[in-house]
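Right, one structure below, let's go through it.
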Amino acid sequence: MSRFGKFGDWKRTVVSRMRGKGRDTGAGFVEYAGIMIIVAGIFVMIDGLGLDGTISQAILTAVTNVTGG
């Protein structure tokens with residue numbers, strides 16, 4: 001056991017995980033979950049503010065302008 005006991009063991013473990021090969025383990029899932037929460041929040045805000053009709057009309061107008069119809 002090291003001079004600092006369990007703290008020294010914990011410190012070595014934390015440092016090795018921060019600098020080691022597996023330092024990004026699980027980061028992809030956390031980032032994906034964060035993006036999904038943001039997207040869900042945007043949809044809730046659009047629905048709550050009643051902007052869904054306005055956005056749909058703007059998209060229809062843009063498509064009509066592009067296709068010439």
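Just so it is clear, the model here is predicted, and its values are computed rather than measured.
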Output side-chain donor-acceptor pairs under 3.5 Å for residues 52-61, partner residues at least two apart or in another chain, one line each.
residue: S56; atom: OG; partner: D52; partner atom: O; Å: 2.9
residue: T61; atom: OG1; partner: Q57; partner atom: O; Å: 2.9

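- Taking the side chain to side chain contact (heavy atoms under 4.5 Å, CB included) definition, one finds that I37 meets it with nothing, sequence neighbours left out.
- Taking the side chain to side chain contact (heavy atoms under 4.5 Å, CB included) definition, one finds that V39 meets it with I35, F43, sequence neighbours left out.
- No chain of hydrophobic side-chain contacts below 4.5 Å, direct or via other Ile, Leu, Val, Met, Phe, Trp or Tyr residues, connects V30 to Y32.
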